[in-house]
Amino acid sequence: MPADVVTMDKIVSLCKRRGFVFQSSEIYGGIGSSYDYGHYGVLLKSNIKGQWWRAMLQERDDIVALDSAIIQHPTTWKASGHLAGFTDPLVDCRTCKLRFRADKLEDARCGRKPSKHPGETPDCDLTDARDFNLMFETTVGAVKEEGSTVYLRPETAQGIFLNFKHYLQFSRKRPPFGIAQIGKSFRNEITPGNFIFRTREFEQMEMEYFVAPEEARRWFDHWLEQRRDWYLRLGIRPDHLRLRAHDRDELSHYSSATSDIEYLFPIGWQELEGIANRGDFDLTQHAEYSGQKLEYVDSATGQRYVPYVIEPAAGADRAMLAFLVDAYDEDEIEGETRTVLRLHPQLAPVKVAVLPLVRKDGQPELAREVHRRLRERLQTEYDEGGAIGRRYRRQDEIGTPWAVTIDHQSLQDQTVTLRDRDTLTQSRVSIDELEDELDRRLRAPWCSPKLSAA
Ligand code: GAP
């Protein structure tokens with residue numbers, strides 16, 4: 001792994017120490033591949049989702065939003081092909097009773113001899129591989145035995161196809177147009193435990209873009225470029241991001257072409273987001289199973305067709321991991337190692353910390369007043385506990401781009417120092433100009449300081 005890629009252990013440790021992400025159900029020993037998001041994790045993920053909505057809805061006028069139910073009619077998954085085909089090949093070990101993905105044995109550890117992969121030692125007694133469906137099954141209805149089997153959605157996309165007709169009728173949309181949704185998806189993943197990279201419940205950010213069939217290729221290229229640019233604009237280093245086209249034998253059952261945007265995670269190059277040309281597969285299948293017409297009819301020309309679908313499908317949790325990995329840095333200040341998250345200011349959980357230099361002489365009172373003014377516009381934090389250096393370090397670790405310090409001079413001339421997380425420069429700014437100055441900095445184009453340091 002290149003030296004500029006942080007280890008997963010450092011990310012997990014920072015996330016726990018600073019309250020971004022915790023192992024779920026930790027007091028009961030934890031539950032595999034499930035994580036809880038703490039205060040800063042919630043803020044960071046919410047900013048990532050906010051930027052995605054912004055790119056989909058605010059910066060364009062051809063995409064509309066949806067929030068569909070997690071539990072859909074069970075026929076959805078017959079029509080979509082998930083009941084028959086959404087499987088992983090799994091093997092069980094008769095000795096240690098653990099279950100592994102047959103195609104990822106090299107990523108897993110033997111239950112008896114963790115220094116070995118499953119199958120590498122006589123301690124392992126592996127069954128043949130069998131296909132297991134990844135969907136979680138449950139029952140709806142008052143009486144379990146009489147209820148019907150339903151599934152927790154394994155992707156948000158199907159909710160979009162089920163609502164396609166509404167958008168044609170009520171939003172008067174005509175191709176090319178997109179429907180975007182962010183929501184939880186669920187998969188019974190058997191994972192080697194790579195933190196929030198692959199979990200059993202996760203949030204997807206998916207958009208289905210409906211186009212005339214002959215225009216599908218052009219829009220596929222368009223979305224590849226748009227989505228790659230989104231990560232770059234939010235500060236991901238270009239040499240840690242790449243596009244990879246799927247080989248024919250890798251394609252999902254619905255896809256005629258897919259390219260992944262891959263990121264150089266601590267576990268190597270891995271999918272961050274997939275962009276697929278789903279053709280007319282989904283609308284045709286749902287039309288057949290529902291008996292409804294799911295097609296576009298041009299009222300002027302009478303032309304009718306089933307639109308093709310281009311789908312950029314991202315994971316909010318996986319994106320958060322990529323942004324954390326890309327931002328993590330260590331440098332040295334006054335002989336001490338500083339951990340700093342060099343996050344894009346738009347993504348940073350807290351934009352500005354307000355700190356009185358000392359807890360006396362009227363400084364806390366003025367600092368609280370400044371804090372009150374700033375929080376009207378920005379996510380801020382007030383902190384008066386401990387030495388100023390330690391308070392800066394705490395903010396650096398959660399990626400706060402700016403700190404405002406109220407000192408002795410502030411009480412005399414109504415100015416404060418404004419410290420920059422990355423350059424460590426401190427400039428003197430009048431309290432009256434602070435909001436505009438922060439606003440200006442927040443809107444300015446940003447690129448990772450790790451790039452200029454390289
Ligand atoms: N609708 C297409 C679809 O769901 P996918 O490649 O299976 O495609 C899209 O998922 C994105 O969702 C992935 O690129 C990844 O970012 C995220 N994702 C998928 N499974 C995940 C899991 N188990 N844990 C976290 N994120 C996941």
Side-chain angles (χ1 to χ4, degrees), residues 21 24 32-35 37 41 45 48-49 52 66 68 70 72 76-77 79-82 85-88 101 104 107 132-136 151-162 178-209 220 223-224 227-228 230-231 236 241-246 250-263 265 267 269-279 281-283 285 309-325:
V21 181
S24 185
S33 301
S34 278
Y35 291 90
Y37 285 69
K45 189 152 64 126
I48 292 169
K49 291 185 286 182
W52 189 86
L66 172 73
S68 69
I70 285 171
Q72 317 272 8
T76 306
W77 309 110
S80 71
H82 283 82
F86 195 54
T87 54
D88 272 347
R101 262 179 75 165
K104 300 260 184 218
D107 294 339
F132 276 84
N133 200 291
L134 293 175
M135 286 196 294
F136 283 104
Y151 304 89
L152 304 188
R153 67 178 174 205
E155 62 170 14
T156 56
Q158 296 303 322
I160 296 179
F161 300 125
L162 301 195
I179 304 176
Q181 140 150 275
I182 296 183
K184 280 225 167 173
S185 290
F186 302 81
R187 295 179 190 178
N188 194 0
E189 304 269 16
I190 305 297
T191 74
N194 283 319
F195 195 40
I196 54 172
F197 178 80
R198 193 183 298 284
T199 49
R200 298 212 164 98
E201 59 181 278
F202 53 96
E203 276 188 283
Q204 287 190 306
M205 308 187 288
E206 297 198 292
M207 195 273 293
E208 309 301 319
Y209 200 73
F220 180 76
W223 280 109
L224 264 186
R227 295 304 304 146
R228 183 172 168 275
W230 184 80
Y231 291 103
I236 293 279
L241 202 67
R242 71 179 189 194
L243 294 179
R244 189 183 68 80
H246 281 208
E250 269 183 278
L251 293 174
S252 309
H253 58 274
Y254 51 74
S255 171
S256 61
T258 297
S259 283
D260 287 343
I261 299 178
E262 293 189 333
Y263 178 73
F265 286 98
I267 48 174
W269 286 101
Q270 296 283 344
E271 174 186 344
L272 177 57
E273 167 163 352
I275 290 100
N277 178 354
R278 296 180 78 122
F281 176 83
D282 303 273
L283 290 179
Q285 287 290 106
V309 174
I310 307 303
E311 173 194 72
D317 312 82
R318 201 173 285 183
M320 175 165 142
L321 181 61
F323 284 118
L324 282 170
V325 167

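Ligands are counted one by one from 1 in listed order, and the atoms in each one are counted from 1 as well.
- Under the 4.0 angstrom criterion for non-hydrogen atoms, Asp317 is not in contact with ligand 1.
- For Thr199 and Glu189, the side-chain atoms include no donor-acceptor pair closer than 3.5 Å.
- Against a heavy-atom cut-off of under 4.0 Å, Glu155 is close to the following atoms of ligand 1: 1 (N), 2 (C), 3 (C), 4 (O).
- Aromatic rings of Trp223 and Tyr209 (six-membered ring for Trp) have centroids within the 6.0 Å cut-off, being under it.
- Of the listed options Phe86, Phe202, Phe186, Phe202 places a heavy atom closest to atom 26 (N) of ligand 1.
- Residues Arg278 and Glu206 are not paired through a salt bridge, judged by the lack of any N-O separation under 4.0 Å between the basic side chain and the carboxylate.
- For an aromatic pair to be called close, the ring centres must be under 6.0 Å apart, and Phe197 with Phe195 fails this.
- Ligand 1 lies less than 4.0 angstrom from a heavy atom belonging to Arg278.
- For ligand 1, the atoms sitting less than 4.0 Å from at least one non-hydrogen atom of Glu311 are 1 (N), 2 (C), numbered in the order shown with element in parentheses.
- Proximity of Glu206 to ligand 1, defined as any heavy-atom pair under 4.0 Å, is confined to the side chain (atoms from C-beta onward).
- Ion pairing of Arg242 with Glu262 is present here, as a side-chain N (NZ or NE/NH1/NH2) and a carboxylate O approach within less than 4.0 Å.
- Near Glu273, the atoms of ligand 1 lying under 4.0 angstrom from a non-hydrogen atom of the residue are 14 (O).
- Inclusion of Ala157 in the set of residues having an N or O under 3.5 Å from an N or O of ligand 1 is not warranted.
- Salt-bridge formation is detected for the pair Arg244/Glu250: a Lys NZ or Arg NE/NH1/NH2 atom is positioned less than 4.0 Å from an Asp or Glu carboxylate oxygen.
- Proximity to Phe197 (heavy-atom distance under 4.0 Å) selects the following atoms of ligand 1: 24 (N), 25 (C), 26 (N).
- The nearest heavy-atom contact from the protein to atom 7 (O) of ligand 1 is Arg187 NH1, 2.8 Å.
- A side-chain donor from one of Ser185 and Gln204 sits under 3.5 Å from a side-chain acceptor of the other.
- Because its NZ or CZ atom is not both nearer than 6.0 Å to the ring centre of Phe202 and within 45° of the ring axis, Arg198 does not count as a cation-pi partner of that residue.
- On a distance-only criterion, Leu272 and ligand 1 share at least one N/O pair closer than 3.5 Å.
- In terms of N/O distances under 3.5 Å, ligand 1 is not approached by Arg198.
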